[in-house]
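Residue indices begin at 1 and follow the sequence shown. The shown structure was predicted, so the numbers you read here are calculated from the model rather than taken from an experiment. These numbers come from the heavy atoms of this one structure, side chains and all, not from hydrogens, waters or symmetry mates.
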Amino acid sequence: MNQTYDRKLKTDLDLLRAAGTFKSLRHITTPMSAHVNMVEAGDAIVLSSNNYLGLAANPRVVAAGIEGLHKYGAGTASVRFICGTLDIHSRLEEKIAAFLGTEGAITYVSCWAANTGLIPTIGIEGTAVISDELNHASIIDGCRMATQAQRLRYKHSDMADLEAKLASLAPDMTKFIVSDGVFSMEGDLAKLPELVALAKRYNGVTIVDDSHGTGVMGTTGRGTIEHFGLTGQVDIITGTLGKALGGAAGGFVAGSSALIETLVQKSRPQLFSNALPATVACSALAAIEELEEHPELLASQRENVAFFRAGLTKLGFKPLDGPSAIIPIIVGETAFAIKMSDALLKQGVFVTGFGFPVVPEGSARIRVQMSSALSRADLEKALTAFGKVGRELGLIR
Ligand SMILES: Cc1ncc(COP(=O)(O)O)c(C=O)c1O
């Protein structure tokens, strides 16, 4: 390593440590579930995972992955169009499309790859991409990569601002409107009914990344689009298999057959990067089946959200409002959020503090994520810890 550059990196890291904003990785030795064993803290209740339905360690999901490994081996050692497409990829993609009510779907190794593979492929010259300012980083980067398109950003969920941006563009121009379904740091939902109506009025194509909504929102867990009764009315849906749907990794784009075929032909991660590992595809398929067959997972997850929100409020915290499984408590400075997260871990509760640059400066937060895997006893213990730490740090009385 170039010594001068290495010294510079170390100096930069020391600055983060001095500011109290250095992120320390936690090391886990057991499967992701309601509790994990951590090298740093022993047994801990997990309030920090996207394992919303507790499927990451579900026996059927795990068994499907093992079976997939035996049946298909580790992978294809190839990209999709050379010799990387397995029958399990097609089965999973058909399942995702049927689950979301689209003509087709295509998988990627992550939703990051899906968003950055989709947006620059369709955001070509003569089109515009208009993005909510609080969209996930993968959407932001996807928009940055769409260098041929006109790129605009509207204020968070501000439909008047979105409409002004749409109206400023030529009427016949294709305008991609892209939004998270559930905003990952706030837990609020995109205003999808208004978004869809504006798209119809201004020749818009709607893209919704429902990574935090799939498996969580809607009567049957089909996501934020189902929640609003808009099934079939959003043009393009992206999402992850790395949260509610098994939690391993993987992402997808779902939409019309022509869109999916276009991505097979042109999307750069499809052309130049290996396919989703077979084991992961098998586990994700089993996770969707498990969700369809066990609506009680969704019901208990929602009961847990309501119970924990009410408990936090009773203690004196003011979590941001929202119907999703994400419950953020704004604490201000990044160093404070990290300090609070460390103090909670000492009490056996694993919940991460988020600060700049993940969220805007001054709005650092503790983000609770609720899972159906958690028992009432876990939640009560976690609330006791929140009460103790909140009082010690002067956040509540
Ligand atoms: C809204 C959203 N989109 C995309 C991603 C990226 O998903 P993946 O981990 O599959 O790349 C995330 C993950 O945090 C997310 O919250």
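- The OG1 atom of Thr206 sits 12.0 Å away from the CD1 atom of Ile130 when rounded to the nearest 0.5 Å.
- For the salt bridge (Lys or Arg N to Asp or Glu O under 4.0 Å) with Lys95, the qualifying choice from Glu290, Glu289, Glu292 is Glu292, the only one to do so.
- Using a 4.0 Å cut-off between a side-chain N of Lys or Arg and a carboxylate O of Asp or Glu, Lys346 and Asp342 do not qualify as a salt bridge.
- Checked against side-chain contact (heavy atoms from CB on, under 4.5 Å), Ala382 has the following partners two or more places apart in sequence or in another chain: Leu47, Phe308, Val349.
- Between Met217 atom CE and His212 atom NE2 the span is 13.0 Å, to the nearest 0.5 Å.
- We find the CG-CD1 distance between Leu320 and Ile327 to be 10.5 Å, quoted to the nearest 0.5 Å.
- Ionic pairing of Lys266 and Glu261 is not present here: no N-O contact between side-chain nitrogen and carboxylate oxygen is shorter than 4.0 angstrom.
- Between Lys381 and Asp378, none of the side-chain N atoms (NZ, or NE/NH1/NH2) sits under 4.0 Å from a carboxylate O, so this pair counts as no salt bridge.
- Salt bridge annotation for Lys388-Glu392: present, with a cationic side-chain nitrogen under 4.0 angstrom from a carboxylate oxygen.
- Counting non-hydrogen atoms of other residues, nucleotides and ligands closer than 6.0 Å to CD of Glu333 gives a total of 12 or fewer.
- At least one donor-acceptor pair closer than 3.5 Å links the side chain of Lys175 to the backbone N or O of Tyr202.
- Salt-bridge check for Glu186 with Arg365: passed, with a basic side-chain N closer than 4.0 Å to an acidic carboxylate O.
- Lys10 has a carboxylate O that lies under 4.0 Å from a charged side-chain N of Asp6, or vice versa, which qualifies the two as a salt bridge.
- By the side chain to side chain donor-acceptor pair (under 3.5 Å) test, Lys155 is found to be paired with no residue, residues two or more places apart in sequence or in another chain being considered.
- In terms of the side chain to side chain donor-acceptor pair (under 3.5 Å) criterion, Asn2 has no residue partners (sequence neighbours excluded).
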